[in-house]
Visitor: 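There's a structure below that I have some questions on.
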Protein chains: 2
Amino acid sequence: MKSITIADVAKQSNVSKSTVSQYLNQRYQYMGEETKLRIENAIEELGYRPNIVARSLKQKSTTTIGVIVANILHAFSTQVIRAIEDVCHEHDFHTIVCNADDDPEKEKNYIEMLHAKQVDGLIIFPTGGNTALFKRMKKSQYPLVIMDRLLEDLAFPAVILDNEAAASLAVDHFVDRGYRSIGIMTTSITRNITPRVDRIKGYKKALEKHGIPVKDDYIRSLDLQHFEAALEEMLSLQAPPRALLAGNDLALMEILKFIKKKSLRIPEDVALIGIDDVSFASFYNPALTAVSQPAFKMGEKAAELLMKKIQDENGAIDEEVHRFEPELIERDSC
Amino acid sequence: MKSITIADVAKQSNVSKSTVSQYLNQRYQYMGEETKLRIENAIEELGYRPNIVARSLKQKSTTTIGVIVANILHAFSTQVIRAIEDVCHEHDFHTIVCNADDDPEKEKNYIEMLHAKQVDGLIIFPTGGNTALFKRMKKSQYPLVIMDRLLEDLAFPAVILDNEAAASLAVDHFVDRGYRSIGIMTTSITRNITPRVDRIKGYKKALEKHGIPVKDDYIRSLDLQHFEAALEEMLSLQAPPRALLAGNDLALMEILKFIKKKSLRIPEDVALIGIDDVSFASFYNPALTAVSQPAFKMGEKAAELLMKKIQDENGAIDEEVHRFEPELIERDSC
DNA sequence: GTGAAAGCGCTAACAT
DNA sequence: ATGTTAGCGCTTTCAC
């Protein structure tokens, strides 16, 4: 499978390689109309396609960015990815998506491989490890924007949800509806995943604001496979919570499974609000009240920040964190 | 951002570029133990990472494959993708995923860009257009495996579901449960999307097998945005179907929305079976009976076929279609 | 055991 | 207006 090169086109059309190159890069300022046509035909006849690898080597740009998500299973990740792809597409950039699977080791491998592949920049949903690596990237000025989670001590441009507000919104709504014993269940916070920590923080603050005492028994943060046991435990407390806040979509689904298994009624037995709007929220029985993140806007913002950083050579370095507001979607589960 | 090259490492360790290259490619057969160490240190000190773009240019292989799915919104697509990624990872290949969004034009662009990017092979869920392009690829021997849908007249290795069997399974189950007026709703079959066509075919055959007359009023194939109207129509027939088969996950969700909106009961008012097992099937109220595809196995198979095709230079060319068996998961919606 | 040199396909001065 | 030339960073004979 020997490929057709620019040299073949040049020969076929009786011009030099450089002229063909000019043509390919639409620099036909002073190019003879006839030459242009000859080249056009040659390309057509030969079915020639430029080799992007060679071009990238020369130009030191692959017009490709990488995005590494901590966990692709979150609907939020996929929504953000689609927005990023859209923006990149507008800028004629390609996108390579990798899933770190919540594993800092995998994250590290992907960062290194994308770097080796010479992607022009990275959008990362950090897993929470790899501090040293990030420090190095910071120093090397590698175009990087952080999404969803914050990296302590490291000032990269970042796009995140106002996670405290998200939890607050939910608690406020529970209280509005007359609930005062409210639990929160979220996935594990070993490695200090900031959104989860912040959501718990927001939950506590909101409770205090309403003069409701915070009970540690009502707060659980653990791996999905331990949800059932934890739920069992929490709901068999002498005074069990009457309302449950799911810290994210995966947590919500575990809770729903449990509720189904135990034939509990929503909201009579437990009221429910989930952070993240799941695909089936509107037509679940009952319809699920949710706090939704503006995933699309967030993805757009992250991509725009990165594009700017890549194009501005070493222009104004934006290290701000861009915080987006969540929104409560009222339905029937609370 | 000038990058560190092999030359820098060579200088730093007082050897030539080629020796460093040997080292990088683990060809230290005759390499001095000491040289090895010096290189190792130099690489460490400089933080050198090989430039994959340059390597690819020379080696004419990017150890990357592309996968183009017709529509990423189908859960099936994402499951298959994950399996493909796993297999590729084992073979030290990377994967670039593109979403054609059911648009043959986009499909074409992606094929061309992936080709230009010199990916070593392609797995495609065809949108149904681009016959000429595929014919050309066939001729050029480009490593390609087809997934999910068949391409008429074109013999590529393919991995698909036994779609007729899938519909049959559902109809059989309906009949078992005493239903004899059964409708089917699926997304549009303009462009002759083979799975949809075959599912309808399987549905009809199964009906005939059971001696139930096929009614055209009970068969609808259209875009998602027209589902509501079509459902309205079908269920207001003088003799409406009492059971509904959803042709895929997206169709199922539309049906569920409609049912919710009209406050219909499942299965009392309509029984329901969906082809594709959705994430929430097990904990929906009621739990959803489904015909599931072995998505993971199918993805694995496709990836393995492609890897073989890529590695076997021009070895045995497998043009078989590999057909997988669906499985009925019995729950409460029928 | 290690090095020199050519070349992968393309671009970009610089000539002409 | 078009051609010549020198690399981009790496791999790979072939010498030494």
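Quick caveat, the model's predicted, so the values are computed rather than measured.
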Visitor: Measure from CG on A:L24 to P on C:dC10 and round the result to the nearest Å.
Guide: 8 Å
Visitor: Can you give me the bend angle of the helix from C:dG1-D:dC16 to C:dT16-D:dA1? Use the axis through the first five pairs and the one through the last five, nearest 10 degrees.
Guide: 40°
Visitor: If the cut-off is 4.0 Å, is B:Y48 near the phosphate of D:dC10, judged by side-chain N/O to OP1 or OP2?
Guide: yes
Visitor: Rounded off to whole Å, could you give me the CD-to-P distance for the A:Q118 and D:dG9 pair?
Guide: 9 Å
Visitor: What is the separation between atom CE on B:M31 and atom P on C:dG3, rounded to the nearest whole Å?
Guide: 10 Å
Visitor: Does A:D101 use its side chain to pair, donor to acceptor, with the backbone of A:D103 at less than 3.5 Å?
Guide: no
Visitor: Can a donor-acceptor pair be found between the side chains of B:T190 and B:S188 at a distance below 3.5 Å?
Guide: yes
Visitor: Taking the inter-plane angle between the rings of A:F156 and A:F134 on a 0 to 90° scale, is it parallel (under 30°), tilted (30 to 60°) or perpendicular (over 60°)?
Guide: perpendicular
Visitor: Scan residues 34-43 of chain A against DNA chain D and write down, sorted by residue number, each residue with any heavy atom closer than 4.0 Å; if none is found, say none.
Guide: A:T35
Visitor: Could you state the interatomic distance from OH (A:Y48) to CG (A:L24), rounded to the nearest 0.5 Å?
Guide: 5.0 Å
Visitor: Take atom CG of A:D8 and atom P of C:dC10, then tell me their distance rounded to the nearest Å.
Guide: 9 Å
Visitor: Could you check A:E107, A:R191, A:E105 and say which one makes a side chain to side chain donor-acceptor pair (under 3.5 Å) with A:T127?
Guide: A:E107
Visitor: For the pair made of CG in A:N14 and C1' in D:dG3, what is the distance, rounded to whole Å?
Guide: 13 Å
Visitor: Would you call the rings of B:Y142 and B:H115 parallel, tilted or perpendicular, where under 30° means parallel and over 60° means perpendicular?
Guide: tilted
Visitor: Would you say that more than 12 heavy atoms from the other residues, nucleotides or ligands in this model lie under 6.0 Å from the NE2 of A:H89, or not?
Guide: no
Visitor: What's the NZ-P distance between B:K11 and C:dA4, to the nearest Å?
Guide: 14 Å
Visitor: Show each protein N/O and nucleotides 12-16 of chain D N/O combination with a separation under 3.5 Å, one pair to a line.
Guide:
none

Visitor: Which whole-number value in Å describes the distance from A:I6 CD1 to D:dT2 P?
Guide: 15 Å
Visitor: Is there a donor-acceptor contact under 3.5 Å from the side chain of B:S21 to the main chain of B:K17?
Guide: no
Visitor: For the CD1 atom of A:I6 and the CG atom of A:N51, what is their distance to the nearest 0.5 Å?
Guide: 10.0 Å
Visitor: By nearest nucleotide on DNA chain C, pick out whichever of A:R55 and B:S16 is the more 5' one.
Guide: B:S16
Visitor: Could you check whether atom CZ of B:R27 has more than 12 heavy atoms from other residues, nucleotides or ligands sitting under 6.0 Å from it?
Guide: no
Visitor: Taking all non-hydrogen atoms of both residues into account, name the closest pair between B:G299 and B:M147 and its distance.
Guide: N-CE, 4.3 Å
Visitor: Starting from P on D:dA1, measure out to OH on A:Y23 and report it in whole angstrom.
Guide: 18 Å
